[in-house]
Structure formats: structure tokens, C-alpha cells
Peer 1: 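A single structure is presented below for examination.
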Amino acid sequence: MFLRRVLMYDFSKVEEKWQQYYSENHPFEVDLEDAQKPFYNLMMFPYPSASGLHIGNMYSFIGADVYGRFMRLKGYDVFEPIGFDAFGIHSENYALRVGRHPAELTPESIEYFREKQLKKIGAIYDWRSEVITSSPEYYKWTQWIFVKLFNAGLAEKRLSRVNWCPNCKTVLADEQVIEGKCERCDYSVTKKETSQWFFKITKYAERLLKNLEELDWTEITKSIQRSWIGKSSGATIKFAVENSSLELDVFTTRPDTIYGVTYLVVAPEFGGLDSIVKKDRVDEFRAFTQDVEKMDIATRTSIKREKRGIFTGSYARHPLTGERLEVWVADYVLAEYGTGAVMAVPAHDERDYDFARKYGLPIRKVIECEDSELPYTGYGKMINSGEHTGTQSEYFIDHVDEIHSSMKKAVTYHLHDWCVSRQRYWGPPIPVIYCPKCGTVPVPEEQLPVLLPETDDYIPDGSGKSPLARNEEFLHTACPECGGNAERETDVNDNFLDSAWYFLRYISPKNENVPFDQELAKKWLPVDMYIGGNEHANLHLMYARFITMALHDMGYLEFEEPFESFRGHGLIVNEGQKMSKSKGNMINPISYFKTHGVDCLRTYLMFMGSFLEGGDFRDSGMDAVRRFLNRVWEVANYPEGKSSDNLKAKMAWVIERVDYAVKNIKYNTGVAALMEFVNDAAKEEHIEKELVLDLARLVSLFAPFLAEEIHSLKGGRGTILDSGFPSGYEEYAKAGSIEIPVQINGRIRGKIEAERGISEEEIMKLVKEADKLSNYLAEGKIRKVVFVKDKILNIVVS
RNA sequence: GCCGGGGUGGCGGAAUUGGCAGACGCUACGGACUUAAAAUCCGUUGGGACGAGGGUCUCGUGUGGGUUCAACUCCCAUCCCCGGCACCA
């Protein structure tokens, strides 16, 4: 045993040196026009709302950057931009909380994020492409997109019962309501009827769903999108209402239970209800609907809550049997879904069953089952179904179009139109003008941007109107068409619109004439790899896809899907515990920059678990990675001299492992392979320069600064990423002997050392010569030999 | 309830997709160095049995079955955890 001198490297000095090198020499700027092998590597830009990037941001960015570095090392022109999602309710709420004006606070936050954090982490950003969504140069084009959507008939202002957060004092999209609570502040959301701008994303529901099949996205992300779109197939069935011109359309996924309908139910908010409520019941009906209205969404949609309803006094006719059916109003039917009315089949639907039992409504079995199974919701043989008795459910559903003129196949989606207006200050004003003569007029392109006024009067008042409505100077304007007095729309756009197209702006962030250069778009888009958290899998990705599709249909983009590949990564926990401010167990990345260094934090974040599934952060793991990096440095400083063939074979193996690990986003296994190599290399007395360089190249994905230092120590110039992905060890990988495990009757009984590529006959000969193994063979007759070349030998003996 | 992902040592996690389960790392223990500690280095570390010892045998990837020469991996059943959706008709 020989004692090795301890060689520690001064990470803070090394890191400072290369951070400075990166910021002075811009080695990662890409010539977008001339690049030969374009690769667009995208990560989710942060919103500069809090006191700095948190460890989750860091995790996400570094995971994406490792991929970008890998592609760069492979010789691609990797475009890795970054920016700031600086508008929106999170930034605004943060500003309100600390009592500063968002226009004043946001630039400060950005400055801090950029200079103190993002520029330190060793990412290969091209800072020339930075976009800030709150800058007029950017939101001019956000407004431009609004106008384009408006002109294409995809934006519409309509009266709607929308989600209202009494705390944030704004409307929320359905997507921002989580279990009846506001996504931002956790306050119980209520419904409020107001006039709002909507984007007609539902027009794209089928395409958004269908295209998922072709996308190279993590499965979990696709599944989240699918369930959000929520397609369901069935039929609409028309019921005529007695003594009324009203026809009730219901949507059902189970038209095969049509003979089991014993009453109809409509939602309390259903339009035209007044006409069917019998006069003697009007008061009772009013009281009931008002009561329902008052419920917050969490209560309304709670499954456990007992269903309530009242009979309207009207009857409808069953389209097939002519039977009279009571029409009820009940709080368990939602106006927003399907047609807002349902046919109740208590025997075969749990909700209808509960309701029918409570109010003594008839229950009629029409699908064969035991009485004890009611409500039976499975498919089966139709019974008590007139001429269709004996038909199978599935067959009836398939042929529903042929049964009766009142029944038609239909599809509904859970996806709702995207409510984009926000009654807040900190966002891009919606570029629309209301003229008493000309009506709703979009602001002409040449008048964009509609600047957000600089004002101290920006705090929301809960009136349901944006603070901008109080700004007389902003409010009053001239109609672009007739020049007469007109008023501006005072709501601002949802923050998700800002981020729905930022990846397009990155390729031409300074272009004043177009939102994005179409030639560059052809060359660089769609995005080759997008890595980010699954917490944005629903909203952000869906909206970005929608906007891209719409721009495609208008002829601005050749493709309709913005992100060819997407990888959603997991979350970090701290020592097995979820991080939260209230628990006080937040991990502060900056403090680790100081104690362990950026390289160490990067490498550890990638090593602590499977990136796609998230990981458990532990200080002891940080120390382990610091040891590893020190060993890399130590090995790099070994005297130069011939290395063993074994070590070169190991290098061949590591190269393959790292290649596989990065392509499959299994970074932890890549780091593990590098550790193995370093453990082996440390056992030798000296090392060849080329091996040191190749080690550094692979290490540079995770620990860039240390790698750059080693590269320059060994005489390299520029950034190590330009020196190419390691190769050239193939012959060592092929040479040498390997151990082949030998199984006898499925159990490992020994190992045979043999040349690579050995044949079955040869290895059997060696097995028979080996005492121990031949003893096992002697116990019986060889029935079968299974030999997988270079892998395993299994002999069946009986 | 439906849909997705998962369950592997004391712990974080590997196993390139049917081919040596537990790579790599942590922790713990033992040792070297040290006046001492830290740091560093070396060794041991899934359970059980046998052996003075090199070792040998055996059980083992939530649970119960199955397919196969061979199963963490595939099939059937079942339990649990995480995530998404959910009075969605």
C-alpha cells in the first residue's frame, strides 16, 4: 500500500476563473444564420418573483444544460437560450407583498437572477437571446398574437361564469383552480358572471389530443395532457318538452341505457330554464338556484356532498317510447360540461341512483345484471328495451346513428376555452378598443405595443375591473377606424400567453419588424429538446401547443407542434421531506456555491437520483461528490505515462455508459460510471494525457469548470466542449478476456475466463476441463445448452 | 372511481429492456496516518447456514400463482405508495 499525497483543488478559484472566461469570451454564442448542425435546447425560463432561484429551478436548468453540453460536445451548434417570465400574477403578488412597484422590483430581481445565479452555474447560455416578457419589445408581439387570434376568429369576448379568486381579486382559468382553490394563494374560488376574453382552444381539442401520439414526450406528461383534454365519446339525444318549444339535448356515453331513462336533469345555470319551470314552483326554484350559486367550487364539486334538486313541473317525452319523464333541476349536473342536461338512468349510474333513491324516482333495469349489483354501470345485454332487447351494449352504442333521428353520435371534451383576461395591472394590456360606432376593434399592428401605463395606482380593488380602468389617460383613446372617441380594453392578458410563444422569440429577440424570423424558424424550430418540470405539463405546454398550431394555420409556421422532444423531470425532496417555506427546510443553492462549489452542486444534483423521477437531497451526498471531484483532479495530475490496456478498455466502457445515460436522461448512472473509471485510474501510478482529456470531456457535462481547468492544464485551448466527444478506444474494448458466468440448471455455478467471441464448442470444452463445473455435469446427462455469446452459458442437466 | 408512474439492502439508488440482482454512492463498523481530531487512504457491510481458511450452500427485488434453460424484467391475480383527472353524465 502506498500513501497518496492529498491533492485538493481550490474550487472557488477555478470556478471564478472559468465563470469569468465564459462571460468575457462568450464561447457558447451561436451564429443562428450560419450554424451547420442546429440543435435547439430549451429549458423553462423562470419568473423572477421570489428572492432568487430556488433549488428546483437549478435542478431543472442543470438537467437541461447537461443535455445541451452533451450535444455541443458531439459537435452540434447548440442554441441554449434563457430569459425571464417577468409579467404575471406571481411577480405582481410578490411585489405587492414586499410593497414595491412591480415595474421597479422586477428589473432588480432579473438582475439578481442573471448576474448572481444564472451566470454562475456553468450553463452554455447564449445571452444575446435573452428575452424579458415584460419589456415592451417583447409584449408588443404578445399583443400581436392576440390581434392575430382575434382576426382569425379564435379570440372572443363573452359573458361567462368564470372562476373568481376573492383574494387575488381576479378571474382564473379552469387550469389555475386546483381542487376548488386558487393555484396561487390557495383561497377558495367562487363563480362570478362577467364578460371575459376567451381563446377558442377547444376548436383544437382533437388535434391537441391526436398529435400526442406522435410526440417524443415523457409518457407521464402525455398522460396528464390526455386527461386534461378529457375526450369522451357517446351520443346526444333530443327530448321534446311538453307544452314548450324547448327541446332538451342531453349528452350520454351510454345511449344503450336509453330505455332506462326515468327522468331528466338539467343544471341550475341552464339557459332557458325559466320557460319550463311551472309558475307555482318559481319561488322554490329561485331559492334553490341561488343557494347553489353561493357554493364555492370546492363544495359544489365535492363527490361526497349529498345531491339536491327540485322538480320543475314540466315533462319531456321519451323519443323512443313516448313515455312522460319528469324534468328536474339538480346541483350535480354541471352547465359547463356536455350539454348541461343529462338523461337519468338510475339503474346504471351511481349519481342518478343516489338521486332517484333520495327523491323516490323510478329505477328501471335495462342492462342484464343481478338486482344486488345496482347501480350496475358495466356493459352487457340490453333488457326491457323494446325491439332492442337482447342487443349488446357495445353494438348499440356503435350503431346509435341508425336507431332514431333523435340520437346522434357525439364527442365532448373536458378542455374549456382559455379565459385570457385578467383584472390586474402587471401584464400586457389586451390590445382592443371599444368604439360606440365601430364596435370592438383590435389595435392595428402599427400601433402596437399598447404600453402599460406607468402609474402608482395599480393595486386591484376587487371591483372585477382592472386597475387600468381607473386610469383615465389610458382608458380614453381614438377609434382606429373612425377616429372618434373610444375606450380601451382595460384587462391584461393571462401570464400563460407570455410564455406560450417565448421559444419563438429567442431566435430573433431584437427584431423590430416581426415576432420571429421565418427563415430562422425553419432552420431552428421546432425545439429539438425541451426539459422542464411536469408541474407545467398541463397549462404551459398545452397553451404553447395551441398558439403554435394557430400560428401554423395562419401560415406563420411550417410545423404545428413546438416541441419535438420533451422530458418532464421529477421533484427534489430534502432528506426525504417535501421542501416548504413553512417547514423551513428549503435548500439554498447559493450557500452551496460557497461551501462546495457549483461543479459539486451540479454533479450532485444529477447524481442523487434519477433525473426524470426526482431525487433526495442530502448533505452527505454533496460531500461524496466533492471527494469524487477531488479525485478527478488528483488523477488528472498524475505523472504522464503509459496506462494499462484495462484502463483504456474501461474508458471505452465509460464513453458508452455516459452516452447512453445522457441520451436517456439517466444522468445518475453516467456519473456513477465516471466514478468507477476514476476509482480504477487512481489505482495506477501514471496516466496518459489523452485519457485525462477524455475523462475531462465527459466530466465537463456535469462539472464544467473543473473540466475546463484540466483541459487547459493539459494544453487545451478555448472551451473543452469544442474538443469533441471522446472516441477511439474500440480496439481495447474488443481485446482482452472476459468472464462468462456458467449456469447449471439455472444456477450460477462458476465462471469461465475466455477470449471475447468464444464459440459454444470452445467454452463447453473449458467447462468440462474445470473441475468444479464438471462435477455438476457429472450428476446427470446434458439435456440442453443455451449459450448467449459473451454473456452467459446455461447448461440443463438431468 | 378512472388514467399514468412506482414498490429492489440500514439509506439514496443501479441492472442499456429476458442473461452474474444490489453497480455507484451514503451510513455504520474495523484498520492506517495523527499527540488528538478533522481531512485522506485501506478493508468489511442483503439475510441465513456450514467452514480454521480460500470459500461453499441456501433464501432474497411488495404478496400469491404462472410462462421460460434463465424473471426485478413477461403473463394472471392481489396489496401498498406517488402523481394526474374526477358528481365529466
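Residue numbers begin at 1 in each chain, while the letters A, B, ... track the order of the sequences. Because the structure is a prediction, the values reported are computed rather than measured.
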Peer 1: So, is A:Arg749 close to the B:rC57 phosphate, meaning a side-chain N or O under 4.0 Å from OP1 or OP2?
Peer 2: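 A:Arg749 to B:rC57 OP1/OP2: side-chain N or O found under 4.0 Å.
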Peer 1: Looking only at atom C1', what distance separates B:rG30 and B:rU35, rounded to whole Å?
Peer 2: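 One C1' to the other, the span is 22 Å.
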Peer 1: Within 45 degrees of the axis of the six-membered ring of A:Trp228 and under 6.0 Å from its centre: does A:Arg545 put its NZ or CZ there?
Peer 2: no
Peer 1: For B:rG18 versus B:rA23, give the span between their P atoms, rounded off to a whole number of Å.
Peer 2: 22 Å
Peer 1: Who does B:rC72 pair with, Watson-Crick or G-U, both distances under 3.5 Å?
Peer 2: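 No nucleotide pairs with B:rC72.
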Peer 1: Is any side-chain nitrogen or oxygen of A:Arg626 closer than 4.0 Å to OP1 or OP2 of B:rA39?
Peer 2: no
Peer 1: Roughly, in whole Å, what's the span from CD in A:Glu739 to P in B:rA23?
Peer 2: 16 Å
Peer 1: I'd like to know if A:Asp216 and A:Arg567 make a salt bridge, using a cut-off of under 4.0 Å between side-chain N and carboxylate O.
Peer 2: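 Salt bridge: yes.
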Peer 1: Under a 3.5 Å cut-off for both contacts, is B:rG25 paired Watson-Crick or G-U wobble with anything, and if yes, with which nucleotide?
Peer 2: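 Paired with B:rG25, as far as the under-3.5 Å criterion goes, is B:rC11.
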Peer 1: Which part of the nucleic acid, if any, lies within reach of A:Lys751 when heavy atoms closer than 4.0 Å are counted: base, sugar-phosphate only, or nothing?
Peer 2: base
Peer 1: Does B:rA86 have OP1 or OP2 under 4.0 Å away from a side-chain N or O of A:His414?
Peer 2: yes
Peer 1: A:Ile220 side chain: which of B:rG4, B:rC24, B:rG19 is closest?
Peer 2: B:rG4
Peer 1: Considering only heavy atoms from C-beta outward, does the side chain of A:Trp633 approach that of A:Asp10 to under 4.5 Å?
Peer 2: no
Peer 1: Side chain of A:Ala672, heavy atoms from C-beta onward: which of B:rG25, B:rA23, B:rC20 has the nearest atom to it?
Peer 2: B:rA23
Peer 1: In whole Å, I'd like the distance from the CE atom of A:Met675 to the C1' atom of B:rC26.
Peer 2: 10 Å
Peer 1: By nearest atom, which of the nucleotides B:rU16, B:rG19, B:rG5 is closest to the A:Arg657 side chain?
Peer 2: B:rU16
Peer 1: Syn or anti for B:rG9, given that syn means the glycosidic angle lies within 90° of 0?
Peer 2: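 Syn conformation here, the glycosidic angle of B:rG9 being no more than 90° from 0.
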Peer 1: Using a heavy-atom cut-off of 4.0 Å across all strands, would you classify A:Val250 as base, sugar-phosphate, or nothing?
Peer 2: nothing
Peer 1: Tell me which nucleotide, if any, is Watson-Crick or G-U wobble paired with B:rU67 when both distances must be under 3.5 Å.
Peer 2: none
Peer 1: Out of B:rA14, B:rC24, B:rU27, which has the shortest distance to the side chain of A:Thr669?
Peer 2: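 Closest nucleotide among those given: B:rA14.
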Peer 1: Using a 4.0 Å heavy-atom cut-off across all strands, classify A:Glu676 as base, sugar-phosphate, or nothing.
Peer 2: sugar-phosphate
Peer 1: Is B:rU63 in the syn or the anti form, by the rule that syn lies within 90° of 0?
Peer 2: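 You should classify B:rU63 as anti.
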Peer 1: Is the positively charged end of A:Lys650 above the ring of A:Phe677, judged by distance under 6.0 angstrom from the centroid and angle within 45° of the axis?
Peer 2: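 Relative to the ring axis of A:Phe677, which defines the angle, A:Lys650 lies outside at least one limit.
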Peer 1: Give a yes/no on whether any side-chain N or O of A:Arg627 is located under 4.0 angstrom from OP1 or OP2 of B:rU40.
Peer 2: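 The answer is yes; a side-chain N or O of A:Arg627 sits under 4.0 Å from OP1 or OP2.
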Peer 1: Separation of A:Leu629 atom CG from B:rU40 atom P, in whole Å?
Peer 2: 13 Å
Peer 1: If you only use heavy atoms from C-beta on, which nucleotide in B:rU16, B:rG19, B:rA89 is closest to the side chain of A:Val788?
Peer 2: B:rG19
Peer 1: Which whole-number value in Å describes the distance from A:Glu336 CD to B:rA89 C1'?
Peer 2: 14 Å
Peer 1: Picking from B:rA21, B:rA89, B:rG84, which would you name as closest to the side chain of A:Asn538?
Peer 2: B:rG84
Peer 1: Could you pick out which residue, A:Gly338 or A:Gln225, lies toward the 5' side of RNA chain B when each is mapped onto its nearest nucleotide?
Peer 2: A:Gln225
Peer 1: Under 4.0 Å between a side-chain N/O of A:Tyr776 and OP1 or OP2 of B:rC57, yes or no?
Peer 2: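 Yes, A:Tyr776 has a side-chain N/O under 4.0 Å of OP1/OP2 on B:rC57.
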Peer 1: Under a 3.5 Å cut-off for both contacts, is B:rC2 paired Watson-Crick or G-U wobble with anything, and if yes, with which nucleotide?
Peer 2: B:rG84
Peer 1: Check the phosphate of B:rA89 against A:Ser232, side-chain N and O only, distance under 4.0 Å to OP1 or OP2. Yes or no?
Peer 2: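 Checking A:Ser232 against B:rA89: at least one side-chain N or O falls below 4.0 Å of OP1 or OP2.
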Peer 1: Suppose you measure atom P in B:rC72 against the same atom in B:rC20; what distance do you get, rounded to whole Å?
Peer 2: 9 Å
Peer 1: Roughly how many Å apart are B:rG25 and B:rG43, using the P atom of each and rounding to a whole number?
Peer 2: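 It comes out at 12 Å once rounded to the nearest Å.
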Peer 1: Starting from the 5' end of RNA chain B, give me the residue, A:Asp331 or A:Trp653, whose nearest nucleotide shows up first.
Peer 2: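 Comparing both residues, the 5'-ward one is A:Trp653.
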Peer 1: So, is A:Lys578 near the phosphate of B:rG83, with a side-chain N or O under 4.0 Å from OP1 or OP2?
Peer 2: yes
Peer 1: Without decimals, in angstroms, what is the distance between A:Arg226 CZ and B:rA86 P?
Peer 2: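 Computing the A:Arg226:CZ to B:rA86:P distance gives 17 Å.
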Peer 1: Quote, to the nearest angstrom, the P distance that separates B:rC79 from B:rC11.
Peer 2: 25 Å
Peer 1: Which nucleotide, if any, forms a Watson-Crick or G-U wobble pair with B:rC20, using both distances under 3.5 Å?
Peer 2: none
Peer 1: Take atom CD1 of A:Ile224 and atom C1' of B:rC85, then tell me their distance rounded to the nearest Å.
Peer 2: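 A:Ile224 atom CD1 is separated from B:rC85 atom C1' by 10 Å.
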Peer 1: Are A:Asn679 and B:rG25 close enough that a side-chain N or O sits under 4.0 Å from OP1 or OP2?
Peer 2: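 For B:rG25, OP1 or OP2 has a side-chain N or O of A:Asn679 closer than 4.0 Å.
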Peer 1: By the 4.0 Å heavy-atom rule, please label A:Arg351 as base, sugar-phosphate, or nothing.
Peer 2: base
Peer 1: Take atom P in B:rC41 and the same atom in B:rC50, then report the distance between them in whole Å.
Peer 2: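 Looking at atom P only, B:rC41 and B:rC50 are 37 Å apart.
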Peer 1: State whether A:Lys666 places a side-chain N or O below 4.0 Å from either non-bridging phosphate oxygen (OP1 or OP2) of B:rA15.
Peer 2: yes
Peer 1: Should A:Lys784 be listed as having a side-chain N or O under 4.0 Å from OP1 or OP2 of B:rC69?
Peer 2: yes
Peer 1: Give a yes/no answer on whether the side chain of A:Asn668 brings an N or O atom under 4.0 Å of OP1 or OP2 in B:rA14.
Peer 2: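 Yes.
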Peer 1: Distance check, C1' atoms only: B:rA71 and B:rU8, in whole angstrom units.
Peer 2: 14 Å
Peer 1: Could you tell me whether A:Phe496 and A:Trp418 have their ring centroids closer than 6.0 angstrom?
Peer 2: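 Distance test on ring centres: not under 6.0 Å, no.
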Peer 1: Roughly how many Å is it from CD1 in A:Ile792 to C1' in B:rA71, rounded to a whole number?
Peer 2: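 In whole Å, B:rA71 C1' lies 12 Å from A:Ile792 CD1.
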Peer 1: Remember a base hit wins even if backbone is also touched, and classify A:Val786 as base, sugar-phosphate or nothing at under 4.0 Å, heavy atoms.
Peer 2: base
Peer 1: Donor-acceptor check, side chain of A:Thr339 to backbone of A:Ala341, threshold 3.5 angstrom: yes or no?
Peer 2: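 Yes; at least one donor-acceptor contact below 3.5 Å.
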Peer 1: Within the distance-only criterion (no hydrogens, no angle test), does the side chain of A:Asp680 pair as donor or acceptor with the backbone N or O of A:Leu647 below 3.5 angstrom?
Peer 2: no
Peer 1: Side-chain donor-acceptor pair under 3.5 Å between A:Thr202 and A:Tyr413, yes or no?
Peer 2: no
Peer 1: When both hydrogen-bonding distances must be under 3.5 Å and the geometry is Watson-Crick or G-U wobble, what is B:rU56 paired with, if anything?
Peer 2: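 Result: B:rA49.
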Peer 1: Need one value for A:Phe628: base, sugar-phosphate or nothing, where a base atom within 4.0 Å counts as base even if backbone is also close, heavy atoms only.
Peer 2: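 Contact class for A:Phe628: none.
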Peer 1: Take atom P in B:rU27 and the same atom in B:rG6, then report the distance between them in whole Å.
Peer 2: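 Comparing P positions in B:rU27 and B:rG6 gives a spacing of 29 Å.
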Peer 1: Please determine if a side-chain N or O atom of A:Arg747 lies less than 4.0 Å away from the OP1 or OP2 oxygen of B:rG19.
Peer 2: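 Looking at the OP1 and OP2 atoms of B:rG19, neither is under 4.0 Å from any side-chain N or O of A:Arg747.
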Peer 1: Any side-chain heavy atom of A:Val786 sitting closer than 4.5 Å to one from A:Gln743?
Peer 2: no
Peer 1: For the side chain of A:Thr603 and the backbone of A:Cys600, is there at least one donor-acceptor N/O pair under 3.5 Å apart?
Peer 2: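 No; zero donor-acceptor contacts below 3.5 Å.
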Peer 1: Taking the side chain of A:Ser610 as its heavy atoms from C-beta onward, which of B:rC20, B:rA14, B:rC59 lies nearest to it?
Peer 2: B:rA14
Peer 1: Can you tell me how far P of B:rA70 sits from CG of A:Asn794, to the nearest Å?
Peer 2: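 So the two atoms are 7 Å apart, to the nearest Å.
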